[in-house]
J.: 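If you scroll down you'll find the structure; I have some questions about it.
Whatever order the structure lists ligands and atoms in, that order sets their numbers, starting from 1. In this text the structure is predicted, and so the values were computed from the model without any measurement.
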Amino acid sequence: MTKKGMLITFEGGEGAGKTTHAELFKNYLTQKGLSFFATREPGGTDFSEAVRALTKDMRFQDKSSLSELFLFEAARADIVEKRIIPALKEGKIVIMDRFYDSTTVYQSFGRGLNRADVENFNKAASQGLVPDLTIYLKVPQQDAFARKGGADKNDAIEQSGADFHERIRKGFDILAKENPDRFLVVDSTLPIAEVFKQITTAFEQKYNEKNSKKGKNCEREFTKF
Ligand code: T5A
């Protein structure tokens, strides 16, 4: 598939600020006159939102890790095919609140599933898409939980314990080190405006790089932000 748009993903632990910054980023793109499609994982289609509810449901907290993996991949396969690939083909900037890096981190580093297996399923469900830019919002888990008023008692993953969340932090750190061209690591303990400034600076650089390489592939050419 020839990818024409741009794929920007927001990643990090629970309550790291992904939704906050994805919302700000949407406003920013609107102001710049760039068209976008914003969504979240798991979610974004009726089916994937139903799967999302299942992944969080405390009644199924004891489900096997492999079952959990397949739930996330099932949700992903649906939104990738129905929403993300079409939006990219239209030249849109796709903003995702989590994508497959979350699966590598949560289901492999967190739950202990074999990483190569998880990555193969990620690749299949995402049809080989790779984000142009992944914004990793980094914050100690206890600080993030404090900001959102504690871990959600009705969320099976948030209730997975401190050791689990520490493995998540380490996992994202490892992925960021392995993918320095794609990952922007931002200290999300900084004030929101400062964090957001780093995000837009990195985006503008990527956008201009991509435009200068691909010329007409993007829906609009920008010489100046
Ligand atoms: N999951 C997901 C997997 O296990 N495998 C997968 O493959 C995928 C895709 C999804 C869950 O599923 C798991 C991971 C998750 O457990 P989710 O709702 O997407 O659930 O994930 P959460 O991290 O739980 O989402 P939240 O909405 O709770 O957190 P956000 O979006 O990261 O944080 P946000 O923006 O809501 O901010 C939280 C609070 O912090 C404040 C905000 O105002 C807000 O009050 N805040 C700041 N305060 C001070 N300074 C800053 N810089 C701040 N930034 C934000």
J.: Counting each atom of ligand 1 from 1 as listed, which ones have a heavy atom of T19 under 4.0 Å away?
T.: 27 (O), 30 (P), 31 (O), 35 (O), 36 (O)

J.: Would you please indicate if the ring centroids of F70 and F121 are separated by under 6.0 Å?
T.: yes

J.: Where is the nearest protein heavy atom to atom 15 (C) of ligand 1: which residue, which atom, and how far?
T.: E14 OE2, 3.4 Å

J.: Using a strict threshold of under 4.0 Å (side-chain N to carboxylate O), is an ion pair present between D132 and R182?
T.: no

J.: In the protein, which heavy atom is nearest to atom 26 (P) of ligand 1, and how far is it?
T.: G15 N, 4.1 Å

J.: May I ask you to check whether F203 and F25 place their ring centres under 6.0 Å from each other?
T.: yes

J.: Of the protein's non-hydrogen atoms, which lies at the shortest distance from atom 9 (C) of ligand 1, and what is that distance?
T.: E41 O, 3.6 Å

J.: With nothing but distance in play, are any N or O atoms of P42 less than 3.5 Å from an N or O of ligand 1?
T.: no

J.: Out of curiosity, H21 NE2 to Y28 OH, how far, rounded to the nearest 0.5 Å?
T.: 14.5 Å

J.: Counting heavy atoms only, which of T9, T104, T20 is nearest atom 44 (C) of ligand 1?
T.: T20

J.: Does N27, at its CG atom, have more than 12 non-hydrogen atoms belonging to other residues, nucleotides or ligands within less than 6.0 Å?
T.: yes

J.: Out of F196, F72, Y106, F145, indicate the one that has the non-hydrogen atom closest to atom 2 (C) of ligand 1.
T.: F72

J.: How about R76 and T103: does a side-chain donor come under 3.5 Å of a side-chain acceptor?
T.: yes

J.: Could an N or O of ligand 1 be found under 3.5 Å from any N or O of P191, whether backbone or side chain?
T.: no

J.: With a 4.0 Å cut-off on N to O distance, would you call D173 and K138 a salt bridge?
T.: yes

J.: In terms of atom number and element, which parts of ligand 1 are under 4.0 angstrom from non-hydrogen atoms of Q107?
T.: 3 (C), 4 (O), 5 (N), 6 (C), 7 (O)

J.: Any idea which part of E158 is under 4.0 Å from ligand 1, heavy-atom wise: side chain, backbone, both or neither?
T.: side chain

J.: Of all heavy-atom pairs between L113 and S65, which one has the smallest distance, and what is that distance?
T.: CD1-O, 3.6 Å

J.: Counting neighbours of NZ on K123 that are heavy atoms of other residues, nucleotides or ligands and sit closer than 6.0 Å, is the number greater than 12?
T.: no

J.: Is the shortest heavy-atom distance from the side chain of Y136 to the side chain of L175 under 4.5 Å?
T.: no

J.: Using a 4.0 Å heavy-atom cut-off, say whether I157 meets ligand 1 through its side chain, its backbone, both or neither.
T.: side chain

J.: Suppose I only count heavy atoms of G13 and a 4.0 Å limit; which atoms of ligand 1 are within that range?
T.: 23 (O)

J.: Decide whether the shortest distance between a heavy atom of G12 and an atom of ligand 1 is less than 4.0 Å.
T.: no

J.: I want to confirm something. Looking only at heavy atoms, which of R40, R98, R147, R52 is nearest to atom 22 (P) of ligand 1?
T.: R98

J.: With side-chain hydrogen bond (donor to acceptor under 3.5 Å, both in side chains) as the test, would you mind laying out the steps for T9 and D101 before giving the verdict?
T.: CA-CA 9 Å; T9 58; D101 291 314; 4.6 Å; no

J.: Measuring from the heavy atoms of I192, does anything fall under 4.0 Å of ligand 1?
T.: yes

J.: So, R111 and S160: side-chain donor and acceptor under 3.5 Å apart, yes or no?
T.: yes

J.: Report yes or no: does a heavy atom of R76 sit under 4.0 Å from some atom of ligand 1?
T.: yes

J.: Does CG belonging to D46 count more than 12 external heavy atoms closer than 6.0 Å?
T.: no

J.: Please work out, at 4.0 Å between heavy atoms, whether the side chain, the backbone, both, or neither of L190 comes within that distance of ligand 1.
T.: backbone

J.: Measure E68 to ligand 1 on non-hydrogen atoms and call it side chain, backbone, both or neither using the 4.0 Å cut-off.
T.: neither

J.: Among all protein non-hydrogen atoms, which one is nearest to atom 32 (O) of ligand 1, and what is the separation to 0.1 Å?
T.: K18 NZ, 2.5 Å

J.: Identify the closest protein heavy atom to atom 28 (O) of ligand 1: which residue and atom is it, and at what distance?
T.: K148 NZ, 2.8 Å

J.: Considering non-hydrogen atoms of the protein only, which is the closest contact for atom 20 (O) of ligand 1, and what is the distance?
T.: K56 NZ, 3.0 Å

J.: Compute whether any side-chain donor of one residue and acceptor of the other, for T189 and D143, lie under 3.5 angstrom apart.
T.: no

J.: For atom 55 (C) of ligand 1, which candidate among S160, S188, G17, A22 provides the closest heavy atom?
T.: G17

J.: Using distance alone, decide if ligand 1 has a nitrogen or oxygen within less than 3.5 Å of any nitrogen or oxygen in T103.
T.: yes

J.: Quick check: are there more than 12 heavy atoms from other residues, nucleotides or ligands sitting under 6.0 Å from CD of E81?
T.: no

J.: Give the numbers and elements of all ligand 1 atoms closer than 4.0 Å to a heavy atom of A16.
T.: 30 (P), 32 (O), 33 (O)

J.: Examine ligand 1 and decide if any of its atoms is less than 4.0 Å from a heavy atom belonging to E73.
T.: no

